[in-house]
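Quick caveat, the model's predicted, so the values are computed rather than measured.
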Amino acid sequence: MSKTDLTKELEKGIYDATNKTGIFGCFEVTIGFYGRERVDYVTYDTKGIWRFYEIKVSKEDFRSKAKVSFLGHFNYYVMPVALYEEVKDEIPDYVGVFTGSAYIKRAKKQELSIDENILKDSMIRSLNREKQKFIKTCDTGYINRLTIQIEKLRKEARENCLKYRKLTTSIFELCEKYSLNYMEVREFLRNL
């Protein structure tokens, strides 16, 4: 599923707020090998502190059945201020809130609820995934192959569009020739 502009804006806010010397962060960290939990953003710092961030952009998103992974020393919802005002009474006492530009509710420190080595392994795997994405985007051969594929698909789309127009024109001409209702014929063909 593609991300909304608001989600991207909140992600940028988290990144900007945590992109500091001694803090290592990664988006979409899967917890455990073949893990079933994925955290929207995780940071680990040189003091050994883990922070987990879950992004919520709407009340429906906040109340969804999707698992929220608050396994860190400090755990945060990342959400717009307006959403916070709507759901603040539903946020656990120990969970903080970040709005993309400011912390408006402090998180309370918790004991890790998972082995730290599992967290480190999970972070390393996720950072490696991001590194691989970056390397592919810097690989001019890979980019050229993708560009060729994109152009091929665009050409096919143009050809299919022309075929569609020709078929539509043919159907319209046949309808006129045999005094048929074009809209009824089009609907009939659509239902085939």
Side-chain angles (χ1 to χ4, degrees), residues 1-138 143 146:
M1 183 165 71
S2 65
K3 296 177 182 180
T4 65
D5 289 341
L6 180 54
T7 300
K8 291 175 188 175
E9 182 181 321
L10 292 171
E11 283 181 344
K12 183 177 181 332
I14 300 168
Y15 177 79
D16 290 345
T18 62
N19 185 26
K20 299 175 182 172
T21 302
I23 299 175
F24 313 98
C26 187
F27 287 100
E28 297 178 6
V29 176
T30 301
I31 305 300
F33 204 70
Y34 298 111
R36 295 174 196 248
E37 292 185 58
R38 181 171 276 191
V39 184
D40 292 329
Y41 189 69
V42 175
T43 65
Y44 177 71
D45 66 29
T46 54
K47 296 175 184 172
I49 301 296
W50 290 91
R51 288 181 171 81
F52 282 52
Y53 297 83
E54 290 285 352
I55 299 171
K56 301 296 176 186
V57 295
S58 68
K59 199 184 307 184
E60 295 77 24
D61 185 20
F62 179 82
R63 292 182 178 151
S64 78
K65 300 293 182 201
K67 183 151 179 72
V68 175
S69 298
F70 286 141
L71 307 171
H73 291 111
F74 295 95
N75 303 284
Y76 301 90
Y77 277 116
V78 180
M79 61 178 60
V81 175
L83 177 58
Y84 171 70
E85 292 301 327
E86 291 182 58
V87 300
K88 64 183 172 186
D89 295 333
E90 301 172 51
I91 297 172
D93 188 44
Y94 70 95
V95 176
V97 176
F98 181 69
T99 65
S101 60
Y103 291 90
I104 58 174
K105 181 179 184 261
R106 292 179 56 99
K108 294 181 180 175
K109 188 171 183 180
Q110 306 292 305
E111 290 298 316
L112 290 180
S113 54
I114 190 169
D115 183 270
E116 187 169 29
N117 286 324
I118 292 173
L119 292 179
K120 286 180 181 178
D121 290 347
S122 300
M123 184 86 142
I124 289 167
R125 273 193 313 280
S126 297
L127 286 168
N128 185 61
R129 179 197 67 229
E130 294 303 309
K131 175 203 62 132
Q132 288 173 354
K133 286 183 196 175
F134 176 75
I135 287 172
K136 284 182 178 178
T137 61
C138 294
I143 299 297
L146 288 177

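- Between the side chain of Asp121 and the backbone N or O of Ile118 there is no donor-acceptor pair closer than 3.5 Å.
- With contacts defined as side-chain heavy-atom distances shorter than 4.5 Å, the pair Thr43/Tyr53 qualifies.
- Residues Phe74 and Lys109 have side chains in contact (heavy-atom distance under 4.5 Å, counting atoms from C-beta outward).
- When all heavy atoms of Phe52 and Ser69 are compared, the closest pair comes out as CD2-O, 3.3 Å.
- For the pair Leu71/Leu112, no side-chain contact is recorded, criterion being any heavy-atom separation below 4.5 Å from C-beta on.
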For this session: Check the pair Tyr41 / Thr18 against side chain to side chain donor-acceptor pair (under 3.5 Å), numbers first and verdict last.
Result: CA-CA 10 Å; Tyr41 189 69; Thr18 62; 2.9 Å; yes
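- With respect to the salt-bridge test (charged N to carboxylate O, under 4.0 angstrom), the residues Lys8 and Glu11 do not qualify.
- In this structure, the side chain of His73 engages the main chain of Trp50 through a donor-acceptor pair within 3.5 Å.
- Residue Arg129 holds its CZ atom at 13.5 Å from CD1 of Ile124, rounded to the nearest 0.5 Å.
- Scored by the salt bridge (Lys or Arg N to Asp or Glu O under 4.0 Å) test, Lys131 finds no partners at all (sequence neighbours excluded).
- Considering every non-hydrogen atom in both Ser64 and Lys56, the closest pair reads OG-NZ, 4.5 Å.
- For the pair Asp40/Leu10, no side-chain contact is recorded, criterion being any heavy-atom separation below 4.5 Å from C-beta on.
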Below 3.5 Å, can you tabulate the donor-acceptor pairs from side chains in residues 89-98 to any protein atom, sequence neighbours excluded?
| from | atom 1 | to | atom 2 | distance (Å) |
| --- | --- | --- | --- | --- |
| Glu90 | OE1 | Arg63 | NE | 3.1 |
| Glu90 | OE2 | Arg63 | NE | 3.4 |
| Glu90 | OE2 | Arg63 | NH2 | 2.4 |
| Asp93 | OD1 | Lys108 | NZ | 3.4 |
| Asp93 | OD2 | Lys108 | NZ | 2.4 |

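- Listed by chain and residue number, nothing satisfies the salt bridge (Lys or Arg N to Asp or Glu O under 4.0 Å) test with Lys120 (two or more places apart in sequence, or in another chain).
- Atom OH of Tyr15 is surrounded by 12 or fewer heavy atoms from other residues, nucleotides or ligands within 6.0 Å.
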For this session: Decide yes or no on side-chain contact (heavy atoms from CB on, under 4.5 Å) for Asp61 and Leu83, but give the supporting numbers first.
Result: CA-CA 10 Å; Asp61 185 20; Leu83 177 58; over 6 Å; no
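- Ring orientation note: the planes of Tyr77 and Phe62 are tilted relative to one another, at an angle of 30° to 60°.
- In terms of heavy atoms, Arg38 sits closest to Glu54 at O-OE2, 3.9 Å.
- For Lys12, the salt bridge (Lys or Arg N to Asp or Glu O under 4.0 Å) partners two or more places apart in sequence, or in a different chain, are Asp16.
- Ser122 contributes a side-chain N or O that, together with a main-chain N or O of Gly32, makes up a donor-acceptor pair within less than 3.5 Å.
- Take Lys88 and apply the side chain to side chain contact (heavy atoms under 4.5 Å, CB included) test, not counting sequence neighbours, and it matches Tyr84, Glu85.
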Enumerate donor-acceptor pairs with a distance under 3.5 Å from any side-chain N or O in residues 20-28 to protein atoms, sequence neighbours excluded.
| from | atom 1 | to | atom 2 | distance (Å) |
| --- | --- | --- | --- | --- |
| Lys20 | NZ | Ala17 | O | 3.4 |
| Glu28 | OE2 | Lys3 | NZ | 3.2 |

